[in-house]
Amino acid sequence: DRNRVVDICRGIKSVHWSCETRMENLDESLIDMMAGSGCKAIHFGIESESDELLALVHRSKPSFEKQKHFVDYCDRQGIKVNCFFVFGLPGETEETAEDTIKKAIRLNPNVAEFFVAQPYPGTKLHKQVEDKLFGLPVTSYDGFTELFEHPNFPRGRREQICTDAYRRFYFRPQYILSFLRRNIA
């Protein structure tokens with residue numbers, strides 16, 4: 001609710017805060033207002049590069065250009081961006097997972113987090129994979145453990161993809177330089 005965000009931004013000053021939102025809820029003027037009221041970080045669920053995969057779980061995404069614009073704009077306003085990416089949604093393949101890793105690298109947010117798809121009870125994903133669940137305890141819902149059989153990946157592969165994504169994202173000279181600029185300078 002844009003009006004509520006505006007009211008919050010007008011009401012709080014000199015308090016550092018962060019939020020999680022969808023990019024389609026933002027524009028430059030709202031980001032400016034958020035930065036001026038003390039917003040220090042915004043978390044975005046990018047999830048996948050594939051429009052087809054996102055459609056299967058009833059999600060949409062702005063264009064890459066818009067996503068990149070908001071990551072860079074927030075950076076210039078002193079707001080750190082954390083993007084979440086998910087591997088193993090229904091229909092995911094090695095190719096779509098690779099495209100998502102490449103997208104994370106091109107976006108180059110301050111923080112990138114990579115997760116294995118988690119079919120939380122009550123969600124559409126849970127209903128989609130209910131007959132493929134491994135029957136693990138609720139403590140296994142940690143974001144990194146594979147919880148259901150995926151037709152396109154042997155067991156353990158989605159966890160390996162996450163590990164590889166972290167390594168490829170964080171151990172790049174471009175990321176290290178941008179991290180130093182954003183956090184030390």
Side-chain angles (χ1 to χ4, degrees), residues 1-51 53-54 57-87 89 99-118 120 122-125 138-139 141-145 162-163 165-185:
D1 181 345
R2 182 184 177 85
N3 293 330
R4 184 166 186 244
V5 174
V6 169
D7 288 344
I8 289 169
C9 290
R10 287 182 180 146
I12 60 174
K13 300 289 181 204
S14 69
V15 173
H16 293 175
W17 59 279
S18 67
C19 66
E20 183 173 327
T21 189
R22 300 175 62 87
M23 284 189 181
E24 51 265 31
N25 295 334
L26 297 176
D27 57 48
E28 290 178 4
S29 65
L30 189 58
I31 292 169
D32 292 343
M33 184 175 283
M34 292 167 70
S37 74
C39 182
K40 296 297 177 190
I42 299 178
H43 307 267
F44 295 116
I46 304 294
E47 298 178 357
S48 175
E49 170 59 8
S50 170
D51 290 329
L53 292 181
L54 292 173
V57 291
H58 310 285
R59 301 255 168 64
S60 62
K61 69 175 174 64
S63 68
F64 173 80
E65 292 74 22
K66 186 172 184 177
Q67 291 174 342
K68 181 66 174 157
H69 171 75
F70 279 131
V71 168
D72 293 343
Y73 191 80
C74 287
D75 189 43
R76 288 191 304 274
Q77 301 310 311
I79 298 174
K80 294 179 178 156
V81 173
N82 180 357
C83 293
F84 307 115
F85 302 91
V86 177
F87 300 109
L89 294 170
D99 290 344
T100 298
I101 294 170
K102 288 178 180 176
K103 178 181 196 165
I105 290 169
R106 289 189 344 254
L107 282 175
N108 199 39
N110 192 67
V111 175
E113 293 185 69
F114 303 97
F115 299 99
V116 173
Q118 303 285 287
Y120 294 103
T123 64
K124 291 177 183 176
L125 178 59
V138 70
T139 56
Y141 284 74
D142 58 11
F144 304 101
T145 301
C162 280
T163 300
Y166 275 108
R167 180 188 52 76
R168 290 173 57 193
F169 182 84
Y170 285 104
F171 295 113
R172 298 174 293 123
Q174 179 189 6
Y175 177 76
I176 294 168
L177 290 173
S178 65
F179 178 86
L180 292 172
R181 178 187 54 78
R182 291 169 173 151
N183 296 290
I184 308 268

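Qualifying salt bridge (charged side-chain N to carboxylate O under 4.0 Å, His left out) partners for K68, counting only residues two or more places apart in sequence or in other chains: D72. Residues passing the salt bridge (charged side-chain N to carboxylate O under 4.0 Å, His left out) test with E113, sequence neighbours excluded: none.
Of the possible donor and acceptor atoms, one in the side chain of T100 sits under 3.5 Å from a partner among the backbone N and O of E49. Remark: side-chain polar atoms of Q118 are paired, donor with acceptor, to backbone N or O of G143 under 3.5 angstrom. Here the side chain of Y170 pairs no donor or acceptor atom with the backbone of A165 at under 3.5 angstrom. Listed for the Y166 side chain is a donor-acceptor partner under 3.5 Å among the backbone atoms of F114. Looking at R10, its side chain never comes within 3.5 Å of a backbone N or O of M33 through a donor-acceptor pair.
Minimum heavy-atom separation, S48 to L54: O-CD1, 3.7 Å. The two residues A104 and P109 have their closest heavy-atom pair at O-CD, 3.7 Å.
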Would you please test H69 and E28 for side chain to side chain contact (heavy atoms under 4.5 Å, CB included) and show each step? CA-CA 10 Å; H69 171 75; E28 290 178 4; 2.6 Å; yes

Where do K61 and K66 land on the side chain to side chain contact (heavy atoms under 4.5 Å, CB included) test, with the steps shown first? CA-CA 10 Å; K61 69 175 174 64; K66 186 172 184 177; over 6 Å; no

Show your working on side chain to side chain contact (heavy atoms under 4.5 Å, CB included) between I46 and M23 and close with a plain yes or no. CA-CA 9 Å; I46 304 294; M23 284 189 181; 3.9 Å; yes

Side chain to side chain contact (heavy atoms under 4.5 Å, CB included) for F64 and L107? Distances and angles first, verdict last. CA-CA 8 Å; F64 173 80; L107 282 175; 3.6 Å; yes

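To the nearest 0.5 Å, atom CZ of residue R2 and atom CG of residue D7 are 11.5 Å apart. Atoms OG and CG, on S37 and D32 in that order, are 11.0 Å from each other to the nearest 0.5 Å. We find the CG-SG distance between N25 and C19 to be 10.0 Å, quoted to the nearest 0.5 Å. For the atom pair SG of C39 and CG of L30, the computed distance is 9.5 Å after rounding to the nearest 0.5 Å.
Partner of K80 under the side-chain hydrogen bond (donor to acceptor under 3.5 Å, both in side chains) criterion, chosen from N183, N110, D75: N183.
V81 is not listed as a side-chain neighbour of F70, based on a closest heavy-atom distance of 4.5 Å or more. Counting heavy atoms from C-beta outward, N82 and F44 have side chains that stay 4.5 Å or more apart. Between M34 and C9 there is a side-chain heavy-atom pair separated by less than 4.5 Å.
Among pairs with a residue in residues 13-26, those fulfilling salt bridge (Lys or Arg N to Asp or Glu O under 4.0 Å) read R22-E24, at least two apart in sequence or across chains.
Remark: Y120 OH is packed, more than 12 non-hydrogen atoms of other residues, nucleotides or ligands lying under 6.0 Å away. Within a 6.0 Å radius of CZ in R76, more than 12 heavy atoms belonging to other residues, nucleotides or ligands are found.
Between the side chains of Y73 and D27, no donor N or O sits under 3.5 Å from an acceptor N or O.
Taking the six-membered ring where tryptophan is involved, the planes of F84 and F115 are tilted, since the angle between them lies from 30° to 60°.
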